[in-house]
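I have placed the structure first, in the form of structure tokens, so that the comments after it can refer back to it.
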Amino acid sequence: VKGTFTADGAATLNDTLEVKGKATFDSDTETKGSSTINQNLTVKGATNLQGDVTADSNVTVGKDLTVSGTTNLQNTNVAGNLDVQGDTTLKNTKVDGTFETTGNATFDGDTETKGNAKFDQNVDVDGNITAKGDISGANGSFSGDLNVSGKTTTGSLEVTGDSTIGGNEHVKGAFTADGAATLNDTLEVKGKATFDSDIETKGSASVGKDLTVSGTTNLQNTNVAGNLDVQGDTTLKNTKVDGTLETTGKATFDGDTETKGNAKFDQNVDVDGNITAKGDISGANGSFSGDLNVTGKTTTGSLEVSGDSTV
């Protein structure tokens, strides 16, 4: 047909239809078999495909792509934004840029971060936190116990409750206790110990070297196993000396003195008052600058009077 072919009724072709020019269909076309298009296919209206669509090459969609069912993709590159209204399930997902979630992010398995992890808000961990490196922060608060198997280094340590140390405690600087300090064992101080207030020792106190007291020392019962050297004055009340009492200087007694045993004086005895003896008075010689009055009997081997004698 060199001109136009017009069929008012149905046209049936038992073999191939080849159109080298443009074919225009004013109504619907139905192809019961396969159709092969060697060039581009342009559809200005809607395209309804009831079966599967297989594209061996690239598919370009100029506008939105709406899929009512499931979309199975092997390798997907998204040059722009990806907006998912529902849930997204991913397996082995790699994000080359920044991964940001405006809502909550839940990971059912483990998460591994090869770089640094930064959290602008709080981090709540229901389980344990294990760090192979250091843990640093502005402040640390623990509602339970803090167990450190290694060494703990801190600028300052403040304990509001009780503190129990199972091993030795070494304090290089000053140790200050605002409240009471109870030591169940030995306290050893290699340096100087200064107490601004009173000291009460309910048990025994042992001083290996000198004990220097700038103020007054009040003692109830005192036993001195060695020598007692007092540079200043000593005031004693009801003092008992089991051994010898020796003074290298002058001894002054403001009250009476009573000697239940014998009294021996290696030098002279000067008495400003009277001497009253309930027993005998004996000596090598007796010299009286005043009178000698004897109310009893005087017995002498010989009597020599250099002056007058009145009988």
message: As an exercise, state the distance from OG1 of Thr276 to CD1 of Ile281, rounded to the nearest 0.5 Å.
response: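 Taking OG1 in Thr276 and CD1 in Ile281, the distance rounds to 8.5 Å.
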message: Working to the nearest 0.5 angstrom, can you tell me the gap between Phe195 CZ and Ile199 CD1?
response: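 One gets 4.5 Å once the value is rounded to the nearest 0.5 Å.
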task: State, yes or no, whether a side-chain contact exists between Lys151 and Thr153 at a heavy-atom distance under 4.5 Å.
output: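 With C-beta onward as the side chain, the pair touches.
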- prompt: Should Asp291 and Asn293 count as side-chain neighbours, where that means a heavy-atom distance under 4.5 Å?
  reply: yes
Shortest non-hydrogen contact from [X] toward [Y]:
| X | Y | answer |
| --- | --- | --- |
| Thr252 | Lys250 | OG1-CE, 3.9 Å |
| Ser204 | Thr201 | O-CG2, 4.0 Å |
| Val305 | Gly307 | CG1-O, 3.1 Å |

query: Would a hydrophobic clustering, with Ile, Leu, Val, Met, Phe, Trp and Tyr connected at side-chain separations under 4.5 Å, put Ile129 with Phe119?
result: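 Yes, one cluster joins them.
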message: When you group the ILVMFWY residues by side-chain heavy-atom contacts below 4.5 Å and let the links chain together, are Val59 and Val67 in the same group?
response: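 Result: yes, single cluster for both.
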